[in-house]
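The chains referred to below are lettered A, B, ... by the order of the sequence lines, with proteins before strands, and numbering in each begins at 1.
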Amino acid sequence: MLTNAIVKEVSRLSPEKQKEELAQVAPRLLEELSLTKEHVKAGLPALEGAENGVVMRFAPNPSGPLHLGHARAALLNDAYVRRYGGKYILRIEDTDPRRVDPDAYTTVREDCTWLDLVIDEIVFQSDRLDTYNEYARNLISIGGAYVCTCEADQFRELKLAKRACPCREISPEKNLELFEAMLNGEYGEGEVTLRVKTDIEHPDPAVRDFSALRIVSSPPHPRVDATVFPLMNFSVAIDDHLLGVTHVIRGKDHIANTARQRYIFDYFGWKPPVYRHYGRMGIEGVVLSTSQMKAGIADGIYTGWDDIRLGTLRAIARRGITPEAVRNAVLEIGIGETDISFSWENLYAKNRDIVDPVANRYSFVPDPVLLEIADAPCGFVAQAMLHPNDPSRGYRNLPFDGSVFIPKADLVCPGMIRLKDLFNIRLGEGKDCLVATFAGKSLDEARKAKAPIVQWVPPEHTIPCVLHKPDGDMKGYCEPMVALDAGKVVQFERVGFVRIEKATAMLIEAYWGHR
RNA sequence: GCUGCUAUAGUGUAGACCGGCCAAUCAUCCCGGCCUUUCACGCCGGGGACUGGGGUUCAAAUCCCCAUAGCAGCACCA
């Protein structure tokens with residue numbers, strides 16, 4: 001074939017040569033080619049149908065404080081609302097009395113504030129029980145749902161065999177009666193459930209005639225007096241429609257739910273939102289399961305929800321991780337469908353970007369040893385910058401009075417070290433190790449001798465400090481001036497970024513962030 | 001087991017829909033060096049990946065099939 005021969009001939013040319021040829025023969029084609037590949041989209045992918053604004057929601061279950069997993073859902077949705085404009089709804093999904101922790105109503109909102117979500121409206125599902133019941137009646141009357149009195153086990157067997165249960169044949173009129181009886185408390189917990197009629201042969205057994213409402217008689221719900229509660233798939237579908245939600249971004253564990261919820265939209269003739277399901281996210285070394293954390297706290301393994309070994313937002317906030325860092329990290333991860341293992345290193349890097357320019361620098365001497373420098377000139381006051389890249393912030397003063405605390409790890413005997421911002425000293429050998437001698441002021445000499453520059457504190461001008469790390473406490477001394485930065489993130493030089501949680505006259509308490 | 005989704009460096013991500021510009025992006029990480037009275041920041045250099053096998057095609061990270069692995073769901077939880 002002629003075309004074949006030509007293609008072969010073109011292929012023999014180098015790409016550059018091909019471009020040249022094309023520029024001569026068909027310059028407009030070349031333009032098109034470069035156009036297609038140059039739409040470098042920054043950040044998150046565009047959302048279909050979002051051009052005129054979106055309504056999105058963050059819908060946590062109030063069972064405990066928010067953790068990093070929640071933060072991904074909350075921040076991703078938030079980012080799209082910010083990008084396209086519209087409305088962001090915080091919907092508290094408290095329809096399972098067994099899984100409601102009353103404290104969480106406030107902690108969840110505090111955590112949302114911390115994350116700086118642009119929430120426009122707050123909805124409690126427990127306020128809307130009447131609405132769900134009303135729509136349940138509608139669904140029953142159009143033959144889309146039925147009251148099922150089968151045993152759960154028995155129903156499951158039928159379902160797996162793609163067979164309908166006997167209750168499915170009952171008329172809408174009768175079902176309406178049964179439903180009212182259900183609402184009137186004529187049934188006990190577990191005796192009945194309202195099922196949505198789906199394709200009984202649906203390829204995914206999880207969607208076949210799923211439950212929409214059920215009875216929970218204990219424990220009592222903290223906010224409402226009721227025993228009939230909707231299941232998530234029912235209340236979510238009703239609310240998403242009634243609240244005008246246009247786009248939903250959630251984890252892929254909801255993928256089967258999307259199929260179920262679609263049935264409800266179809267029955268009522270509603271247009272479903274656009275759904276996106278991102279992959280599962282694990283975080284190295286922590287449990288993100290609220291129930292497991294709760295159990296750990298109850299067992300005394302963790303000190304509380306803000307135990308720094310946990311992945312809750314309160315725990316990482318305590319460590320001086322900023323909400324901006326969480327946001328940046330989470331947006332970088334995006335809405336990919338692949339399962340990921342989120343690494344602390346990536347979060348730390350984002351936080352360092354934010355915190356490094358603002359954190360004041362201080363000396364903290366962990367595991368201190370006292371060193372006498374008998375022959376050194378006394379009456380010295382070392383001046384160290386609060387921030388090396390910003391001299392305008394001023395200095396800290398460290399008066400030298402003949403002896404210093406330095407970290408035991410820096411005790412190299414024999415050897416020379418430089419006390420940061422002060423002078424050089426030489427350490428003796430063996431039992432003379434702790435007897436240091438003055439070795440000049442020259443920084444150049446210290447550099448030439450490859451002497452490590454170590455942080456120190458004067459014993460007469462210092463305060464005990466405990467640095468709490470996830471793997472245990474580190475005790476030592478730090479500069480008293482650290483107290484001025486209580487509540488803030490500072491950098492302990494040569495140690496890392498920490499948050500000063502408490503500063504009393506007797507003790508500084510710091511929490512470890514990262515290097 | 002069944003139903004479905006996914007597979008790019010240690011980690012995260014771009015490229016994939018529309019096959020050639022990919023000897024594959026960016027960040028993190030690791031290793032050198034420079035700068036610097038911190039092991040921070042900054043700068044320079046280096047390291048490291050298309051899960052495997054077939055197929056289609058002049059051409060495959062990209063399309064198709066199979067295998068493998070991971071994950072999700074299979075609740076009267078969310």
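Nucleic acid contact class of A:Ser63 (heavy atoms, under 4.0 Å, all strands): none. Contact annotation for A:Pro388: base contact, defined as any heavy-atom pair under 4.0 Å involving a base atom. Heavy atoms of A:Phe210 sit nowhere under 4.0 angstrom from any nucleic acid atom. Residue contacts shown for A:Ala349 are limited to sugar-phosphate atoms, with no base heavy atom under 4.0 Å away. Nucleic acid contact for A:Gly190: base, since at least one base atom lies under 4.0 Å from a heavy atom of the residue. If you check every strand for non-hydrogen atoms under 4.0 Å, A:His202 touches nothing. Contacts of A:Pro230 with the nucleic acid, taken as non-hydrogen atoms under 4.0 Å apart, involve only primed sugar atoms and P, OP1 or OP2. Among the atoms of the strands shown, base atoms are found under 4.0 Å from some heavy atom of A:Val192. Using a 4.0 Å heavy-atom distance criterion, A:Ile255 is classed as making no nucleic acid contact. A:Arg361 comes within 4.0 angstrom of a base, heavy atoms only. A:Gln455 comes within 4.0 angstrom of nothing in the nucleic acid, heavy atoms only. A:Asp96 comes within 4.0 angstrom of sugar-phosphate atoms only, judged by non-hydrogen atoms across all strands, and of no base.
No side-chain heavy atom of A:Leu427 sits under 4.5 Å from any side-chain heavy atom of A:Met416. Between A:Phe423 and A:Phe438 there is a side-chain heavy-atom pair separated by less than 4.5 Å.
The interatomic distance linking A:Ile340 (CD1) with B:rA9 (P) rounds to 14 Å, in whole Å. A:Lys252 places its NZ atom 10 Å from the P atom of B:rG73, with the value rounded to the nearest Å. If you measure from atom CE of A:Met385 to atom P of B:rC41, you get 16 Å, rounded to the nearest angstrom. Between the CZ atom of A:Phe497 and the C1' atom of B:rC39 there is a distance of 11 Å, rounded to whole Å. With rounding to whole Å, A:Asn346 atom CG is found 11 Å from B:rC30 atom P. Whole-Å rounding puts the A:Glu332 CD to B:rG12 P distance at 11 Å. The CG atom of A:Asn257 sits 12 Å away from the P atom of B:rC77 (whole-angstrom rounding). Put simply, CG on A:Leu194 is 18 Å from P on B:rA75, counting in whole angstrom units.
A cation-pi arrangement is not found for A:Arg319 relative to A:Phe497, the charged atom failing to lie both closer than 6.0 Å to the ring centre and inside a 45° cone about the ring normal. Under the 6.0 Å distance and 45° angle rule, A:Arg223 counts as a cation-pi partner of A:Tyr105.
Listed nucleotides B:rC2, B:rA75, B:rC39 differ in distance to A:Arg156; the shortest reach to its side chain belongs to B:rA75. In the set B:rA78, B:rU11, B:rC39, the nucleotide with an atom closest to the side chain of A:Arg515 is B:rC39. Closest to the A:Asp421 side chain, of the nucleotides B:rU37, B:rG73, B:rA72, is B:rU37. For A:Asp204, whose side chain is taken as the heavy atoms from C-beta onward, the closest listed nucleotide among B:rG70, B:rG73, B:rU6 is B:rG73. For A:Leu160, the listed nucleotide lying nearest its side chain is B:rC74; candidates were B:rU36, B:rC74, B:rA72.
Look at A:Ser363 and you won't find any side-chain N or O under 4.0 angstrom from OP1 or OP2 of B:rU38. Phosphate contact (OP1/OP2 of B:rC76, side-chain N/O of A:Arg195, threshold under 4.0 Å): present. The side chain of A:Arg214 contributes an N or O atom lying less than 4.0 Å from OP1 or OP2 of B:rC77. Contact annotation: A:Arg418 side-chain N/O to B:rU37 OP1/OP2 distance is not under 4.0 Å. Residue A:Arg352 has no polar side-chain atom (N or O) positioned under 4.0 Å from OP1 or OP2 of B:rA27.
Between the base of B:rU11 and the side chain of A:Glu284 there is no donor-acceptor pair shorter than 3.5 Å.
Taking atom C1' on both B:rG19 and B:rC41, the two are 44 Å apart, rounded to the nearest angstrom. Nucleotides B:rG52 and B:rA7 place their C1' atoms 12 Å apart, quoted to the nearest Å. Separation of the C1' atoms belonging to B:rC39 and B:rC30 is 15 Å when rounded to the nearest angstrom. Distance check on atom P: B:rA61 versus B:rA16 gives 14 Å, rounded to whole Å. Nucleotides B:rC18 and B:rA27 place their P atoms 31 Å apart, quoted to the nearest Å. With both ends at atom C1', the span from B:rG70 to B:rU51 equals 11 Å, rounded to whole Å. Between the C1' atoms of B:rA23 and B:rA60, the separation comes to 15 Å (whole Å). One P atom belongs to B:rA14, the other to B:rU57, and the distance between them is 32 Å to the nearest Å.
Map A:Arg98 and A:Leu422 each onto its nearest nucleotide of RNA chain B; the residue landing nearer the 5' end is A:Leu422.
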Inset, instruction - Give RNA chain B the dot-bracket treatment, 5' to 3': Watson-Crick (N1-N3 with N6-O4 or O6-N4) or G-U (N1-O2, O6-N3) under 3.5 Å, [ ] crossing, | other strand. - result: (((((((..(((.......[.....)))((((((.......))))))...(((((..]....))))))))))))....
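Not less than 6.0 angstrom separates the ring centroid of A:Phe380 from the ring centroid of A:Phe400.
The closest donor-acceptor contact from the side chain of A:Arg276 to the backbone of A:Val248 lies at 3.5 Å or more, if one exists at all. Side-chain atoms of A:Trp305 do not come within 3.5 Å of backbone N or O of A:Gly64 as any donor-acceptor pair. Judged by distance alone, the side chain of A:Glu284 and the main-chain N or O of A:Trp344 form a donor-acceptor pair under 3.5 Å.
Using modelled atom types and a 3.5 Å distance limit, the side chains of A:Asn351 and A:Thr322 yield a donor-acceptor pair.
Contact between A:Gly69 and A:Tyr278 at its shortest, heavy atoms only, is O-OH, 4.4 Å.
The aromatic rings of A:His70 and A:His67 sit tilted, their planes meeting at an angle between 30° and 60°.
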